[in-house]
Amino acid sequence: MSFDAVIDVRNVSKRFGGLTAVNNCSLSVQRGSITGLIGPNGAGKSTLFNIVAGNIVPDSGQVLFDGQDVTGLAPHQLFRQGMLRTFQIAHEFSNMTALENLMMVPGDQPGESLVDSWLRPRLVKARETEVRKKALDVIDFLKLGHVRNELAGNLSGGQKKLLELGRTMMVDAKVVLLDEVAAGVNKTLLHDLAANIERMNKELGYTFFVIEHDMDLIGRLCDPVIVMAQGEKIAEGPMSEIRANAAIVEAYFGSPVEAD
Amino acid sequence: MALIELKHVVGGYSSVPILNGVDIAIEQSDIGVIVGPNGAGKSTTLKAIFGLLKVTGGTIEFGGENIANSLPDKLVPKGLSFVPQEKNVFTSLSVEENLEMGAFTRKDDYAQTMAWVYEMFPVLAEKRRQPAGELSGGQRQMVAMGRALMSKPSLLMLDEPSAGLSPRYVIEIFETIVRVNKEGVGILMVEQNARQALAFASKGFVLASGRNRFTGTGAELIADPEVAKSFLGG
Amino acid sequence: MDELVFFINRVLISGTVLGSIYALGAIGVTLIFGILRFAHFAHGDMMTMGAFIAFLLASVCTALGIVTPIPSGFLVLPVAMAITAVIALGLDKGFYAPLRKRGAKPVTLLIASIGVTLILQGLLRLIFGSGTRSFYQSEPKEIFRIDMSALGGSRPITITEPQVLMIVVTALLVLGLHFFLTRSRLGKAMRAMADNADLAQVSGINTALVVRVTWIVAGALACVAGTMLALDVALMPDLAFNIILPIFAAAIVGGLGHVYGAIVGGFLIAFAETLSVFNWTSVLRPLNDLLPEGMALPANLALVPTEYKLTVAFVILVITLLARPTGIFKGASS
Amino acid sequence: MSGEAQAKRIDLANPTVRAIVLFSAMFVLILAVGFVQGAANSGLLLTQALAYALIALGLNIQWGYGGLFNFAVMGFMMVGGASVVFVSFPVNALFWDSEGPVMLGRALLAFLAGVLLVWGARHSHRLGVRGGWKTALLVLAWFIAYVVYRSQIDPAAAYIESTAGFVGGLGLNPILGWLFGGLVAAVIAYIVGRISLGLRTDYLAIATIGISEIIRALLKNMDWLTRGTMTASPMPWPVNLPQDYQAQGIPISESFVYARFGFFALLLAIFIVVFFFVQRAYGGPWGRMMRAIRDNHIAAGSMGKNVTGRQLELFVFGSVLIGMGGAILVTFNQIFDPAGYQPINHTFMIWVMVIVGGAGNNWGVLLGAVLIYIVWIISDPLAQAIFLNLSSWSQSLGWGAIPEIDSRALQMRVFVLGIIITVALRYAPRGLLPEVVKREV
Amino acid sequence: DDVKLGFLADVTGPIAGFAGGMVSAGNLAVDHVNAQGGILGGNKLVSIVADGACSADTAGPAADRLVNTENVTSIFGDYCTGSTLAAANTAAIPGNVVMISPSASAPTVTGLDDNDLVYRTVVSDAFQGAKAAELLLSQGINEVGVTYVNNDYGKGLADQFVASFTAGGGTVAANVAHEDGKADYRPEIGQIESSGATTLVIYGYENAGGGAILNQALEAGSFDLFVGGDGMAGEALLASRDAASLEGLILTQAAAAAGDAYDIYAKLATDAGLVPDTTYGPQSYDAAFLLALAIEKNGSAERQGVSAALREVASAPGEIILPGEWTKAVELIKAGTDIDYRGASGDVEFDAAGDVAGGIDYFVVEGGTIVNKGQIP
Ligand SMILES: Nc1ncnc2c1ncn2[C@@H]1O[C@H](COP(=O)(O)OP(=O)(O)OP(=O)(O)O)[C@@H](O)[C@H]1O
Ligand SMILES: Nc1ncnc2c1ncn2[C@@H]1O[C@H](COP(=O)(O)OP(=O)(O)OP(=O)(O)O)[C@@H](O)[C@H]1O
Ligand SMILES: [Mg+2]
Ligand SMILES: [Mg+2]
């Protein structure tokens, strides 16, 4: 079935002490899709992301990226192969400005090699100008222009999340993993962001793999949606189908709150 | 007289002010919800009330007394309580010890309050000996709220209590908040799940750039097309 | 039998005594780290200072003609602990509190504590000179020799009075500290603050009070540790400065911020030191009879020469950390 | 006073202005010291201060750029020192004519065999050995390697110590020795880094302290190699010694000045080149990447930066400078004395230089190194002046003089230094010249 | 004008424990000079103290300050071998300044290419170690354990002792280094004890590791007999210990001058409120006093000629000068009579390398006191 799966997770398990966070889980993400991943708190979604992105080595099982076994590869190696992720809890570089946070993302900057930075200053400078321009564009899009010179550690919770998202726009990636980018982000801005994600998917061919608790967003963007619970995949399909599944609705959505 | 009243509060982390005049008034029976774009100063407002940053202008009156720039260990005995958005439980302490820490400022016997908290969150009574670090996200949020309630506050402040929670927990948490409010505790909270929160809020405040932009009941704000478009995502 | 007695004297007793010293020092270090999140390098000199204060008080006692069955240095300990605690509070107020207030990084506090070390060392030398002193100038040190002849040994098991006191005191203090931290409100508040200082503040815990209590406890513990050490060996201005590295090693191996970790770490380092240079021939000598003619155990079967004693302790440390990067008890980090 | 009033009007918050003001103050201090102490002594102080600045720069690369808690500065300085002894100390004919080289050769073979064995055990999983078996095999391999090496090196060491004293040097130019010192430090840093860079903050600190103590114990006790506590001296200089000038008929007092400033000029040239390259790398994307890794290594890894590789790069780069600085100091002082190295003087003092100067700011570190070094040197007469006066004052009050005041006053130099460190940090907790945030204009 | 004498002292760092006493002893000599009419026709002799910190990095600049900034005539110091060599190479030798070290006893100092500028009043370890070995063998002690402080002093002494002792047919069952300043030496003691030796030779310092080892060995009751070098000698040995348990303890030390030179010094020191036999105290007194004599003999505060004058005042033949006899010495020098200083630490006759030769005395603790048994034959 995984003919055109860009990410293929096969029988992956991960335990923390006595707790099995991911339990023999298999799933795949099709090239060019925006795949959603939902499930109750503690279902193991972020752990699965960590495994796919190389931040955690699974106890057993395999992860295939573009048809190749990448289990156990370091995050920076996966980045080089075109995988980019965001973090649920913002991982900003707190002592660097917002702009610098974005400028450090592009790979293969000649200035990052000691020899080049000593001996080929002109090349370094040319690339640096390019990177800065790109970063400024992204920052404006995220409406963070006025805080671009602020230390990232001093940004508000939501602004950090936006920065987290901004990183994915700094490079051309094959696959982007988004871990709850919407949490804490203002809804109006979120509309623009969603539109941009759709655009990147359609026009630039990015594949997105999205963890989200915001059902409106999932409903608008994602097809298919994968449901995880207790470390296992329990369902997959379009949102409408998921909503129709009584068990999931009971376990995951609950009943709407009464107005006072 | 309002339980808490912020009049044109100005303040910030350094010399540059983040709050440029915030006005908020909450009664004991109110659930107040602050909404607004990212970086508007919502969290900063709560921190300013709680003495965690410098207020340089305006007044914050709580029970008729100006409490601007008082520190938490003075404010908690007066009846204020605060649940930060993240890292809001002591992970290495047991659930019961977490609750005790909430009662640290109390000199009287707090056994009754603890029973009340356990009654409200029965699942916590089951896990009272377990370290809070081993609980799920939703349970932690209950511990955090329980801890804040242990000081018997008249005003409970919450910073994005629903962020990161799965829809089911969001509902639960909001229900709990309503319940706590019915027990006679005023609520002031910041939310990005704005529509849902404003639905049961008795007062709503829209902040932008450190200033009030709209104030009204929750229903009024939801109904206001301008607010809905600019702040609630249409 | 003699081999066993030798092992008891040279490994069990020595290791326990040394381990108690390291543990007492490391508990203070680990407490300060847990609450204030920095490595307090001047802790060793606080220990030395405590010992000197006890020494002064003991001299006063002797001068007043007070004779006691237990060493006077031990008797004056409560007073000395109180004084050292006050000095510890003063050090915090004078040097560390201003830095904390300005939000300095842990490393800045660490470097400031190096400055404090230098200040204390200078003062100790200015006031007391640089020579060595003994608590037992006027009274002999009592030595218990447990005769082993009944069991067929020719040598006694030997232990001195201060060593017995030290082991007992360490055990009592650890127990007391345990109850303080798990049962008292203030103790729990200390643990809460070590866990999450921001939330502790938000909960209305008087963090300034907790910090003060931490320094009081750390200062009092330092005084006990220093005095016990000085009772066992001798008193000199660099008494504890010289063992601050193994003390830190103990706190780190155990996992910073963990009182029990500090104890385990202290004994681990102490026994590593003791065993690494222990001459195994001395206990294996009976095997010589079993070995074929012409073959004998070498005279010295120690793992390393004594010059490398501390080295072994540090090798153990590095290996432990490689296996458990934040110490045996999963410690905090700054 | 008026200077300070003026400084108030100047915007001290502006990093450039602050740097200019503080460096001017430093030059005034140097001039004052030069005026009081004379040219010859100042030449010596400046040279040593600059060597320390080179070392501090190395530590700044590791801590200021990378956030690596390297507390093995002393160890790397000693490595550099031992290296320059080996390269530049005069040839010991006694050793080369003896059996020593052959025995050492055998020991080297044994060492390599041991390395091979351990390497083999580490890769034994390729042969299907796994889990506990592999660990057991590894421990066994280490043990055998240790025993085999000891069986060769112990007799060789005893033989060399009894026949030739120690191996002596190669008699080459000291500058080659400095480079070699940097190289050896690099190799050791690579090994140490591979082992320990996975540790964080204080845990790394104590592990490196341990490694530094291990290096010290080895160099202090490997008499056959370093002469141990018996010290290797006098080390040759790459430039003329005062004696050489005296032989040319230059008066003694001037000969000191010529010799010292000759050495200083050479060192300054090296320092400027190093500083230029370090600054250039730090100012560009390389520095930005390193700061990102320091701030959040997990995120940096996910943004495609090879965290372990880069941290190793920093660790090695910094250690090269520390090793070179250690080698230069040995050459300048003309002695390698392993017993003279103390963590407090050679590790913590360098940290004080970096933190007081301003971690992450090379200019700040240069300032901190020179300032702390000068303070350390003038604390000697300063402490005497203060405490001799205090003693006579207490005498005049009838309390009697402080006993042994001559030596106790001098011992108070550590007190003076302690006060200066704490006061400096109190008023500049992020260092005199803090790291500059790169804001756009 | 004042005549400046540099005191290069390691008062901070590893030997801070006894460096202070050495400075005081040196100052006692300076006081004697000044109290008895001063130097060079009534000038005051002043000591300028600088800290070498027992570290090459610090001793170099400190010596240089004395030589180039303070312009001292001669230097008393440094104390540690490493710092002495650094001070000599950095400043004293190129500056043509005489240095006398009271304590840098390692054999390395002998071989220093010093233009006859570096002297010492402490006997080279090589000599004392050999003599001690002979003594023990002659008393029928054939098996010993040795512990030495791991620095140039202890190592030099122990190496020579072990070489001579084994060459003479004895067995060194264990030879163990110890570091000064540690709290606990029981492992070291245990290693020696386990070798079966019942005699322990301690080459360390009484007021540092050596003394602590002695205490802990006594507490454990591990050995029958103790032997010590000059670092262990001194009244303090008995002052803080139960003398009865030390019965029979043997000490070796450079032979005191014929006559009562040491006793005279001891009285002078006690009168001045000092402990006479602090570690290297007598050697320090002698070094400072000799420099004063040499300057007086040389006739000016210039550096040129001090070395030659030092050899004249220190060596026989000549009228004997004892510690404290400054007025007498000055008069004799004025009269053109050759003098010969006999110091508190021994005869102080310098050989070609600037080392003191001379005999080694040995002492035994008998009946609660230290009894001088005379020179080791
Ligand atoms: N590093 C860790 N150590 C121990 N337990 C962990 C660790 N990381 C995650 N867990 C546990 O594993 C389980 C799965 O966590 P995970 O973060 O993957 O959940 P999630 O599905 O992302 O939940 P949420 O929606 O709340 O983010 C949880 O019970 C969590 O407590
Ligand atoms: N410690 C700080 N130092 C300086 N500025 C800060 C600090 N914390 C926050 N700010 C600034 O204050 C402004 C308001 O922040 P605040 O956290 O109050 O926003 P918010 O309204 O809660 O936003 P969000 O919805 O994203 O949480 C932001 O622009 C932020 O950059
Ligand atoms: Mg998650
Ligand atoms: Mg916020």
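No hydrogens, no waters, no symmetry mates; every other heavy atom, side chains included, goes into these values. The sequence lines fix the lettering, A, B, ..., with proteins before strands; numbering per chain opens at 1.
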Just checking [X] against [Y], ring centres under 6.0 Å apart?
X      : Y      : value
C:F7   : C:F278 : yes
C:Y22  : C:F267 : no
E:Y280 : E:Y79  : no
E:Y153 : E:Y148 : no

Between [X] and chain C, which part of the residue has a heavy atom less than 4.5 Å away: side chain, backbone, both or neither?
X      : answer
E:N215 : neither
E:I192 : neither
E:E206 : neither
E:A212 : neither
E:T147 : neither

Between OG of C:S20 and CG of C:L165, what distance do you get to the nearest 0.5 Å?
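Interatomic distance, C:S20 OG to C:L165 CG, rounded to 0.5 Å: 11.5 Å.
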Contacting region of C:V11 [heavy-atom separation from chain E under 4.5 Å]
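C:V11 has no heavy atom closer than 4.5 Å to chain E.
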Which answer fits C:R133, side chain, backbone, both or neither, if we ask what part of it has an atom under 4.5 Å from a heavy atom of chain E?
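Neither part.
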State, to 0.1 Å, how close E:E179 and E:Y185 come at their nearest heavy-atom pair, and which atoms those are.
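Scanning both residues completely, I find the closest heavy atoms to be O-OH, 2.7 Å.
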